[in-house]
Number of protein chains: 2
Amino acid sequence: MRGLHADTGYLLYRLGLRSGQLFNGFLQESGLRLRHYALLRFLATSGGALQRELSTTLGYDPSAIVGLVDDLEKLGFAERRPSPDDRRSRIVVLTEGGRGFLRDTDEAGLRVTNELLGPLNPAERDALHTLLLRIAEDGLS
Amino acid sequence: MRGLHADTGYLLYRLGLRSGQLFNGFLQESGLRLRHYALLRFLATSGGALQRELSTTLGYDPSAIVGLVDDLEKLGFAERRPSPDDRRSRIVVLTEGGRGFLRDTDEAGLRVTNELLGPLNPAERDALHTLLLRIAEDGLS
DNA sequence: AACAACTATTGACGTCGCCAATTATTGCTC
DNA sequence: GAGCAATAATTGGCGACGTCAATAGTTGTT
């Protein structure tokens, strides 16, 4: 009979939970959660996005995006702007406050990842990241 | 600025979600969820366990274990037996029905993992599993 | 005998993923 | 160009989940 951790899928599930907990722990003091952080980071790389794009890229339900952007607007980290081509859409952009927040927390985020990947040396971390990326690109985002 | 998937921790979080969804999808028809399946599989390897052991090993809250074992008892896949040494404890054991269920679904579980790890060849899957196991053993279960 | 520690259980709270419905707007098509 | 399907954002609801507090019963210790 196969053991509990004999299955890679189950391992991924459990480690994903643990990773989310660690991230949320470090974000706790700022009042944000992992979802907000992911959204901010994506905005930083894209320069601005429709909420629909955020939904498909981040994999969150459109209804979830609404609340997340609401929260970020309240904190002054992002804002909604009307889309010139399509009045149904809103373009979400990072504000200067949001950029500052990312700068301040970037190092802390790395610390969390370090804690998570504790027993792995740099080469192994690279290998793991590459493998996960391959899986992620197949069917995800 | 680091990209969205530049962080291994976030990748793990997202893939963990996806893995859980896949597993739950395949379990849907049986009325169970991933948590039940993990519990059954652990029982199969251990031969029987106190609920407290299940809680620490699987990482679920003790209160969650109660409901899971309730469900499995209703389906006749497991049962609670009094512990001879300690009347506070109950020993949860797999029934013949539970063993049969595991036999029937074992192959389907492998299919899910195959789907998840689609783009990886066997050697890569081994490497990934080994790396994840190393992380898991550090602080988890 | 009294008290701290532990097991299982119940209940509550907030978050999350998912789905349905609604409103405003756009694009298609006839 | 009038009618209609499709789309974007939003609201609300439902079940599952992680977490914590509280309780009853039991054990071990001192």
Side-chain angles (χ1 to χ4, degrees), chain A residues 10 13-25 27-28 31-39 48-73 78-93 140-141, chain B residues 10 13-25 27-28 30-39 48-74 78-93 140-141:
Chain A
Y10 184 69
Y13 164 71
R14 295 305 308 280
L15 290 174
L17 278 185
R18 177 170 172 73
S19 178
Q21 288 165 358
L22 277 178
F23 264 103
N24 280 323
L27 285 171
Q28 200 166 11
L32 296 181
R33 289 181 303 274
L34 180 51
R35 305 159 70 96
H36 300 94
Y37 192 62
L39 205 161
L50 305 179
Q51 296 188 201
R52 176 90 174 95
E53 292 176 310
L54 292 173
S55 170
T56 58
T57 308
L58 300 174
Y60 301 138
D61 193 82
S63 59
I65 302 290
V66 176
L68 294 179
V69 178
D70 283 350
D71 295 341
L72 293 176
E73 266 192 334
E79 58 183 32
R80 284 179 239 240
R81 292 186 189 159
S83 164
D85 344 320
D86 189 336
R87 284 196 302 179
R88 290 171 299 182
S89 308
R90 318 278 194 88
I91 299 181
V92 185
V93 295
L140 198 70
S141 76
Chain B
Y10 184 70
Y13 165 70
R14 294 306 307 279
L15 290 174
L17 278 185
R18 178 168 171 73
S19 178
Q21 287 166 357
L22 278 177
F23 265 103
N24 279 324
L27 285 172
Q28 200 166 10
S30 65
L32 295 181
R33 290 180 304 275
L34 180 51
R35 306 159 69 96
H36 300 94
Y37 191 63
L39 205 162
L50 306 179
Q51 296 188 201
R52 176 89 176 99
E53 292 175 309
L54 292 173
S55 170
T56 58
T57 308
L58 299 174
Y60 302 138
D61 193 83
S63 59
I65 302 290
V66 175
L68 294 178
V69 177
D70 283 350
D71 296 340
L72 293 175
E73 265 192 334
K74 266 178 209 131
E79 59 183 32
R80 284 179 239 241
R81 292 185 188 160
S83 165
D85 346 318
D86 189 338
R87 284 197 302 181
R88 289 172 299 181
S89 308
R90 319 276 194 90
I91 299 180
V92 185
V93 295
L140 199 70
S141 77

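Just so it is clear: chains get the letters A, B, ... in the order the sequence lines come, proteins before strands, and each one is counted from 1. Nothing here was measured: the structure is a model prediction, and the numbers come from that model.
Partner of B/Val92 under the side-chain contact (heavy atoms from CB on, under 4.5 Å) criterion, chosen from B/Glu73, B/Gln51, B/Arg81, B/Glu79: B/Gln51.
Rounded to an integer number of Å, the gap from CG of A/Leu32 to P of C/dG14 is 19 Å. Per the geometry, CZ belonging to A/Arg18 stands 21 Å off P belonging to D/dC17, to the nearest Å. In this structure, the CG atom of B/Leu58 is 14 Å from the P atom of D/dT19, given to the nearest Å. Whole-Å rounding puts the B/Tyr13 OH to C/dT15 P distance at 13 Å. As a whole-Å value, the separation of A/Asp71 CG from C/dC16 C1' is 14 Å. Rounded to whole Å, atom P of D/dT10 lies 11 Å from atom CG of A/Leu68. The distance from atom CD of A/Gln51 to atom C1' of D/dT10 is 9 Å, rounded to the nearest whole Å. Rounded to whole Å, atom C1' of D/dG15 lies 13 Å from atom NE2 of B/His36.
Among the nucleotides C/dT15, C/dT10, D/dC17, the one closest to the side chain of A/Arg33 is C/dT15.
With rounding to the nearest 0.5 angstrom, the CD1 atom of B/Ile65 is 11.5 Å from the CG atom of B/Leu50. Interatomic distance, A/Tyr10 OH to B/Leu58 CG, rounded to the nearest 0.5 Å: 5.0 Å.
With hydrogens and angles ignored, the 3.5 Å screen pairs no side-chain donor or acceptor of B/Ser83 with any backbone N or O of B/Arg90. Not a single donor-acceptor pair under 3.5 Å links the side chain of B/Asn24 to the backbone N or O of B/Arg33.
For the pair A/Leu39/A/Val69, a side-chain contact is recorded, criterion being any heavy-atom separation below 4.5 Å from C-beta on.
Residue contacts for A/Leu17: at a heavy-atom cut-off of 4.0 Å it reaches the sugar-phosphate backbone alone, with no base atom in range.
Map B/Ser63 and A/Glu53 each onto its nearest nucleotide of DNA chain D; the residue landing nearer the 5' end is A/Glu53. Each of A/Ala64 and B/Val69 has a nearest nucleotide on DNA chain C; the 5'-most of these lies closest to B/Val69.
Judged by distance alone with a 3.5 Å cut-off, no donor-acceptor contact links the side chain of A/Asp61 to the base of C/dC16.
Screening residues 50-69 of chain B for salt bridge (charged side-chain N to carboxylate O under 4.0 Å, His left out) gives no qualifying pairs among residues at least two apart or on separate chains.
The stretch residues 81-91 of chain A touches DNA chain D through A/Arg88, A/Ser89, A/Arg90, each having a heavy atom under 4.0 angstrom from the strand.
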